[in-house]
Amino acid sequence: MELPSDFLAATVQREQKMRAAATELEANFLAEMLKVAGVGKTPEAMGGGAGEDQFASFLRLEQARQMAESGGIGLAESIYHALKGRADV
């Protein structure tokens, strides 16, 4: 029995959305970990003020996204498989 191409396309699109959501969740988790670790924290002696603190969070998030897209710590893959398992039920 052959499945219709629109069904297959919808399945692929759903899986891509689940993988993207899982990767974004891992990126946000990693960004929080980077924040706790002090990455992007302005030095006390010559800080750039509140603006630098605000934009440091954007930098941390982008760094975390790059980490997650490069494989990260494997959290996105675990989340993806959990989502996929629930979607298949």
Side-chain angles (χ1 to χ4, degrees):
M1 180 175 143
E2 208 170 301
L3 296 173
S5 62
D6 58 336
F7 176 77
L8 293 175
T11 301
V12 168
Q13 185 179 18
R14 183 180 69 203
E15 288 183 2
Q16 288 174 341
K17 285 182 181 181
M18 285 189 291
R19 188 168 294 280
T23 303
E24 187 64 20
L25 185 60
E26 181 177 4
N28 281 296
F29 174 78
L30 289 171
E32 285 300 312
M33 294 296 103
L34 291 173
K35 180 180 177 183
V36 170
V39 173
K41 186 175 181 183
T42 56
E44 297 296 322
M46 298 182 70
E52 187 173 336
D53 287 336
Q54 179 63 36
F55 286 105
S57 68
F58 294 126
L59 177 61
R60 271 193 307 271
L61 183 56
E62 284 306 313
Q63 289 171 331
R65 282 185 177 135
Q66 289 298 315
M67 291 169 65
E69 289 174 8
S70 299
I73 57 174
L75 184 61
E77 195 66 23
S78 295
I79 293 169
Y80 168 74
H81 286 294
L83 288 172
K84 188 175 178 188
R86 291 187 60 107
D88 290 341
V89 173

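Given the structure is predicted, the values throughout are model-derived calculations rather than measurements. Quick note: numbers below take in every heavy atom, side chains included, and nothing from hydrogens, waters or symmetry partners.
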A.B. asks: Might you point out which heavy atoms bring Ala64 and Ala31 nearest each other, and give the distance in Å?
C.D. replies: CB-N, 3.5 Å
A.B. asks: For Arg60, check salt bridge (Lys or Arg N to Asp or Glu O under 4.0 Å) against everything at least two apart and list the hits.
C.D. replies: none
A.B. asks: Which heavy atom of Ala76 sits nearest to which heavy atom of Ala22, and what is that distance?
C.D. replies: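 The pair with the smallest heavy-atom distance is O-CB, 3.3 Å.
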A.B. asks: With a 4.5 Å limit on heavy-atom distance, are the side chains of Tyr80 and Thr23 in contact?
C.D. replies: no
A.B. asks: Heavy atoms, side chains only, cut-off 4.5 Å: are Met67 and Leu34 in contact?
C.D. replies: yes
A.B. asks: Just so I know, are the side chains of Leu25 and Leu75 near enough to count as touching, which here means a heavy-atom distance under 4.5 Å?
C.D. replies: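 No, too far: nothing below the 4.5 Å cut-off.
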A.B. asks: Sorted by first residue and then second, give each ring pair (Phe, Tyr, Trp, His ring centres under 6.0 Å) pair with at least one member in residues 54-77; sequence neighbours left out.
C.D. replies: Phe55-Phe58
A.B. asks: Cut-off 3.5 Å, no hydrogens considered: what does the side-chain donor-acceptor table look like for residues 9-21, sequence neighbours left out?
C.D. replies:
| unit_1 | atom_1 | unit_2 | atom_2 | d |
| --- | --- | --- | --- | --- |
| Thr11 | OG1 | Phe7 | O | 2.9 |
| Arg19 | NH1 | Glu77 | OE1 | 2.9 |

A.B. asks: How long is the span from the CD atom in Glu32 to the OG atom in Ser57, to the nearest 0.5 Å?
C.D. replies: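 Answer for the CD-OG pair, Glu32 versus Ser57, is 9.5 Å.
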A.B. asks: Report the distance from atom CD of Gln63 to atom CG of Leu30, rounding to the nearest 0.5 Å.
C.D. replies: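 Between atom CD of Gln63 and atom CG of Leu30 there are 11.0 Å.
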A.B. asks: For the hydrophobic clusters of this structure (ILVMFWY residues joined by side-chain heavy atoms under 4.5 Å, transitively), does one cluster hold both Ile73 and Leu61?
C.D. replies: no
A.B. asks: Flag yes if Val39 and Met33 sit in one hydrophobic cluster, no otherwise; membership is Ile, Leu, Val, Met, Phe, Trp, Tyr, and two members link when side-chain heavy atoms are under 4.5 Å apart.
C.D. replies: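 Yes: a chain of side-chain contacts under 4.5 Å links Val39 to Met33.
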A.B. asks: Return the minimal non-hydrogen interatomic distance between Glu26 and Gly72, and the atom names on each side.
C.D. replies: OE2-CA, 3.3 Å
